[in-house]
Amino acid sequence: MTAQHPEPSPRPAAPSGDLRASHDDREAVVEQLRDAAAEGRIDLDELDARLEQALTSKTYNELAALTADLPSGQSPTSQPPLVITGGTFGASRGPECWEVPGHVIARGGVGGVKLDFTRVECRLTEVAVEAYGEVSGVTIVVPDAWAADTSGMDPGFGGLTDKTTPDRLPGTPLIRLTGSGGAGGVVIRHPNRRERRKLDGNSPDSYGLSGK
């Protein structure tokens with residue numbers, strides 16, 4: 001009779017603070033430290049020292065120690081998702097400046113949805129956008145300096161149109177696009193000619209949901 005060997009016990013999970021931090025986690029702490037210095041909470045010598053530690057930190061605990069004595073406001077990544085639904089008459093966000101959370105969900109519905117990021121000030125390194133084309137589609141407009149990753153997108157019946165360039169300036173967000181094109185499709189692009197005139201203040205035209 002073959003001897004039964006007991007199965008090895010599962011390895012206990014590491015405490016959350018001991019988990020390895022990512023590049024984005026370190027960058028978020030760097031931004032918080034720079035803001036604290038700009039507000040006069042820490043001096044420049046201390047800022048330099050903490051920045052050096054932040055860039056070499058390996059775990060969440062090490063990062064947390066660098067900001068433990070600083071105010072902890074709610075960061076955009078900790079906010080609940082912003083949900084925009086086209087409904088019957090359509091919906092839009094932008095181009096006027098608006099607060100960008102770390103997660104946006106856009107559902108085209110019957111009227112369509114347009115997300116315009118061209119005038120926002122966003123310090124996030126990445127913004128997750130879920131877009132569902134449904135009937136009339138979703139249009140996403142991003143500044144020229146931003147880039148997009150659409151590899152997680154299901155084109156669906158309506159398809160995905162990605163007219164963005166891979167040229168991303170350091171410090172600008174990456175739009176990580178997921179979801180489904182549905183019947184209406186999803187478009188992500190940089191501003192068109194009319195929108196550029198509007199941004200320059202040379203055109204009285206207003207934005208609308210028409211024209212992707």
Side-chain angles (χ1 to χ4, degrees), residues 22 24 75-212:
S22 69
D24 287 348
S75 68
T77 54
S78 66
Q79 297 177 12
L82 170 65
V83 181
I84 302 176
T85 303
T88 303
F89 302 103
S92 65
R93 183 59 59 98
E96 66 280 351
C97 190
W98 53 286
E99 183 178 359
V100 180
H103 189 184
V104 181
I105 301 174
R107 299 185 177 277
V110 177
V113 165
K114 184 175 184 179
L115 298 177
D116 191 330
F117 293 90
T118 51
R119 289 185 178 175
V120 303
E121 295 182 5
C122 182
R123 296 186 177 182
L124 297 172
T125 56
E126 184 174 304
V127 178
V129 177
E130 289 183 55
Y132 300 94
E134 298 182 343
V135 178
S136 291
V138 174
T139 299
I140 304 163
V141 185
V142 299
D144 293 329
W146 294 21
D149 177 1
T150 61
S151 59
M153 187 75 188
D154 175 11
F157 180 77
L160 166 68
T161 302
D162 182 357
K163 295 183 179 180
T164 61
T165 66
D167 302 326
R168 178 187 177 194
L169 290 182
T172 60
L174 172 72
I175 298 292
R176 194 164 305 273
L177 185 62
T178 59
S180 172
V186 172
V187 175
I188 183 166
R189 58 172 174 78
H190 299 302
N192 58 30
R193 186 176 302 174
R194 179 173 64 85
E195 290 163 342
R196 291 182 192 279
R197 289 200 304 268
K198 178 68 174 179
L199 288 171
D200 292 338
N202 296 326
S203 170
D205 293 341
S206 61
Y207 281 94
L209 292 177
S210 61
K212 294 182 180 179

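Numbers here are sequence positions counted from 1.
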I'd like to check Val127 versus Cys122 (side-chain heavy atoms, cut-off strictly below 4.5 Å). Are they in contact?
yes
Compare every heavy atom of Lys198 with every heavy atom of Arg119, then report the nearest pair and how far apart it is.
NH2-O, 3.3 Å
Arg93 vs Leu82, side-chain contact (heavy atoms from CB on, under 4.5 Å): CA-CA, chis, key distance, verdict
CA-CA 10 Å; Arg93 183 59 59 98; Leu82 170 65; 3.7 Å; yes
Roughly how far apart are Asp167 CG and Trp146 CH2, rounded to 0.5 Å?
16.0 Å
Is it true that a side-chain atom of Glu134 and a backbone atom of Gly109 form a donor plus acceptor pair closer than 3.5 Å?
yes
Which pair of non-hydrogen atoms, one from Arg168 and one from Ala147, has the smallest distance, and what is that distance?
CB-CB, 3.6 Å
Whether over 12 other heavy atoms sit under 6.0 Å from Glu121 CD:
no
From Met153 CE over to Ser180 OG, what is the distance, rounded to the nearest 0.5 angstrom?
6.0 Å
Can you name the nearest heavy-atom pair linking Gly111 to Ser136, along with the distance?
C-CB, 3.7 Å
Considering all heavy atoms of both residues, which atom of Val141 and which atom of His190 are nearest to each other, and what is their separation?
CG1-C, 4.0 Å
Would you kindly say whether Asp24 and Ser22 are connected by a side-chain donor-acceptor distance under 3.5 Å?
no
Nearest 0.5 Å please: distance from the CD1 atom of Ile84 over to the NZ atom of Lys114.
13.0 Å
Value for CG (Leu124) from CG (Leu174), rounded to nearest 0.5 Å, stands at 11.5 Å
Count the heavy atoms of every other residue, nucleotide or ligand shown that sit under 6.0 Å from CZ of Arg123, and state whether that count exceeds 12.
no
Rounded distance (nearest 0.5 Å) linking atom CD1 of Ile188 with atom OG1 of Thr150
7.5 Å
Side chain to side chain contact (heavy atoms under 4.5 Å, CB included) partner of Val186, chosen from Val113, Thr161, Leu177:
Leu177
How far apart are the closest heavy atoms of Asp116 and Pro95, and which atoms are they?
OD2-CB, 3.4 Å
To check you understand the geometry: which heavy-atom pair defines the closest contact between Val138 and Arg107, and what is its length?
CG2-C, 4.5 Å
Output yes when Arg196 and Asp144 qualify as a salt bridge under the 4.0 Å nitrogen-oxygen rule, no when they do not.
yes
CZ (Phe117) and CD1 (Ile140) are apart, to the nearest 0.5 Å, by 6.5 Å
